[in-house]
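Taking it in order: structure first as structure tokens, then the write-up.
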Amino acid sequence: MRSVDEQLARVLRAAVQPSPVRVAISEAQGLLCAEEVVAERALPGFDQAAVDGYAVRSVDVQQAGTEPVVLPVVGEIQAGSRQPSRLQPGQAVRVATGAPLPTLADAVVPLAYTDEHPARVSVQRPVPSAAFVRRTGEDVQTGDVAVRMGSAIGAAQVGLLAAVGRNKVLVHPRPRVSIISIGEELVDIDRTPGPGQVYDVNSYALAAAARDAGAEVSRVGVVTTEPSRFAEIVEGRLLISEIVVIAGAIGGNGGEEVTGALTDLGELDETRVAMHPGSVQGFGRLGPDEVPTFLLPSNPISALVIFEVLIRPLIRTALGKRNPQRRRVSARLVSPVTSTKGRKGFLRGQLMRDTETNEYLVQPLGTSGSHLLASLAEANCLILLDEDTTDVLVGEEVAVSFLAQRG
């Protein structure tokens, strides 16, 4: 029986990062930047008003305070104005937020510091030079790196790319993942199951898990197990995927038929991994591009746990993430748990915070059985128990791994 760490190492060695592609910045969110984005223009590109007020020379309002300083208002500039203007000593120009400052103006007096008179404004407080002004290049200078290679592109990075005039950016694309289900008992959810039939859960659940991990997902759904046709379908997916996942393809005679049908495409390693649930599984690299291919059991809980432990880190690695693992913390058990000796346990749990001590608490959900899908739907973490642990009592600390947060 292979350890979880050994199996994960085998899987991650097969990770292939797709070649970078250039995409519109509106499509780059959630991806890693694959270039150093150098600003070709300053941000802001001109001196501009940071507030609504009056553009002035700061020296002209130095004496405001005990007595107001009265300046003639010689014009008004709105945001977006292209008309050049010049301020003479002892004058003021009304400006809107974002408006370009007139020549010689070095400060803006906010409306709140004045009587807002349209013709002769009374300035009641002095302002220093550069007050309430966004200076040229204050945010980004020409030649600065705006977004660094390897940075995750989020809302702020998309905004910065737009601000420096970039409409496209080079990124590491999402790995393409194909999800296939097999099983004579399966029907799609748009049909009514007959005697002995069940809905195809795995292709929907695994596709959702792959999207959550950041992949571009193709849910193939239920396919035939007739050997030649099945091999043809898998071979087609290998040509357009970085990862292929086949659920219901391991264990019993059905598993032997699957591996036999795929023999010409490469070698699949069927093994037992020291984990529960999800011990029985298969992995190999198929096709001319040696695409990582997983054989998962038909049980949805086992399939999802294997995905979380092995396939999700592979997707995150293919995305270029430095740390492909979920965040882990220590938590105290609210209820006791048991685990299988010799296997690493991945048990469903509900993670909480103690309002008095601020420490993490975790409530195990359901039992250690692998068939309780409803308990996984309620879980927000997995309780991680090592191979030597069989019983953990209330109040003892355990490691937990976060799952995707709902809402």
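Note that these values count all heavy atoms, side chains included, but never hydrogens, waters or copies made by symmetry.
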(request) Could you tell me whether Arg285 and Glu290 have a side-chain N and a carboxylate O separated by less than 4.0 Å? (result) yes
(message) With a 4.5 Å cut-off on side-chain heavy atoms, are Leu31 and Leu319 touching?
(response) yes
(message) Are more than 12 heavy atoms, taken from residues, nucleotides or ligands other than Gln88, located less than 6.0 Å from that residue's CD atom?
(response) yes
(request) Please determine if Arg343 and Glu387 form a salt bridge, counting it only when a charged side-chain N lies under 4.0 Å from a carboxylate O. (result) no
(message) Using the rule side-chain contact (heavy atoms from CB on, under 4.5 Å), only one of Val222, Asp190, Val187 pairs with Tyr199; which is it?
(response) Val187
(request) Indicate yes or no: at least one non-hydrogen side-chain atom of Val4 is less than 4.5 angstrom from one of Phe346. (result) yes
(message) side-chain hydrogen bond (donor to acceptor under 3.5 Å, both in side chains), that's the test. Do Arg219 and Ser203 meet it? Break it down for me.
(response) CA-CA 6 Å; Arg219 189 191 69 83; Ser203 72; 2.9 Å; yes
(message) For a salt bridge (Lys or Arg N to Asp or Glu O under 4.0 Å) check, start with the C-alpha distance between Glu359 and Arg353, then their side-chain angles and the critical distance, and finish with the verdict.
(response) CA-CA 6 Å; Glu359 67 178 343; Arg353 281 275 199 182; over 6 Å; no
(message) Any heavy-atom pair between the side chains of Ile243 and Phe294 that's under 4.5 Å?
(response) yes
(message) Any non-hydrogen side-chain atom of Phe230 less than 4.5 Å from a side-chain atom of Leu262?
(response) yes
(request) Mark yes or no: Arg328 above the aromatic ring of Phe402, with NZ or CZ under 6.0 Å from the six-membered ring centre and no more than 45 degrees from the axis. (result) no
(request) Go through the steps for Val334 and Met352 under the test side-chain contact (heavy atoms from CB on, under 4.5 Å), then give the verdict. (result) CA-CA 10 Å; Val334 175; Met352 303 166 283; 4.0 Å; yes
(message) If you apply the rule side-chain hydrogen bond (donor to acceptor under 3.5 Å, both in side chains), what do you find for Arg332 with Tyr360, and how did you get there?
(response) CA-CA 6 Å; Arg332 294 192 182 278; Tyr360 283 109; over 6 Å; no
(request) Please report the C-alpha distance between Arg237 and Ser218 in whole Å, then the side-chain angles of each, then the deciding distance to 0.1 Å, and finally whether the side-chain hydrogen bond (donor to acceptor under 3.5 Å, both in side chains) criterion is met. (result) CA-CA 9 Å; Arg237 303 316 302 184; Ser218 176; 2.6 Å; yes
(request) Indicate yes or no: at least one non-hydrogen side-chain atom of Leu304 is less than 4.5 angstrom from one of Leu206. (result) yes
(message) side-chain contact (heavy atoms from CB on, under 4.5 Å) for Leu286 and Val291? Distances and angles first, verdict last.
(response) CA-CA 5 Å; Leu286 303 186; Val291 175; 5.6 Å; no
(request) Give me the one residue out of Ile77, Asp47, Val95 that meets side-chain contact (heavy atoms from CB on, under 4.5 Å) with Pro100. (result) Ile77
(request) From the options Arg135, Arg134, Glu138, select the one residue that forms a side chain to side chain donor-acceptor pair (under 3.5 Å) with Gln48. (result) Arg134
(request) State whether Arg176 and Glu216 are salt-bridged, where the test is any N-O pair (Lys NZ or Arg NE/NH1/NH2 against Asp/Glu carboxylate O) under 4.0 Å. (result) no
(message) Show, in sequence, the C-alpha distance, side-chain angles and deciding distance for Glu378 and Arg348, and conclude whether the salt bridge (Lys or Arg N to Asp or Glu O under 4.0 Å) test is met.
(response) CA-CA 9 Å; Glu378 289 298 315; Arg348 302 166 291 283; over 6 Å; no
(request) Ignoring hydrogens and angles, tell me if any N or O in the side chain of Asn323 forms a donor-acceptor pair with the backbone of Gln325 under 3.5 Å. (result) yes
(request) Carefully, step by step, assess Asp115 and Val121 under the rule side-chain contact (heavy atoms from CB on, under 4.5 Å). (result) CA-CA 6 Å; Asp115 64 355; Val121 64; 3.7 Å; yes
(message) Nearest 0.5 Å, please: how far is OG1 in Thr293 from CG in Asp269?
(response) 12.5 Å
(request) Find out whether Ile25 and Ile153 are in side-chain contact, i.e. whether some heavy atom of one side chain is under 4.5 Å from a heavy atom of the other. (result) no
(message) Rounded at 0.5 Å granularity, tell me how far OG in Ser81 sits from CD in Glu76.
(response) 10.0 Å
(message) Would you say that Leu101 contacts Leu87 through its side chain, given a criterion of any heavy-atom pair below 4.5 Å between the two side chains?
(response) no
(request) Salt-bridge test for Arg191 and Asp188: reply yes if a basic N is under 4.0 Å from a carboxylate O, no otherwise. (result) no
(message) Counting C-beta onward and ignoring hydrogens, is there a side-chain heavy-atom pair between Val305 and Met275 closer than 4.5 Å?
(response) yes
(request) Please assess Asn202 against Ser181 for the test side-chain hydrogen bond (donor to acceptor under 3.5 Å, both in side chains), listing each intermediate value before the final yes or no. (result) CA-CA 7 Å; Asn202 277 324; Ser181 277; 5.2 Å; no
(request) Give a yes or no answer on whether the side chain of Asn380 reaches the backbone of Leu351 with a donor-acceptor pair at less than 3.5 Å. (result) yes
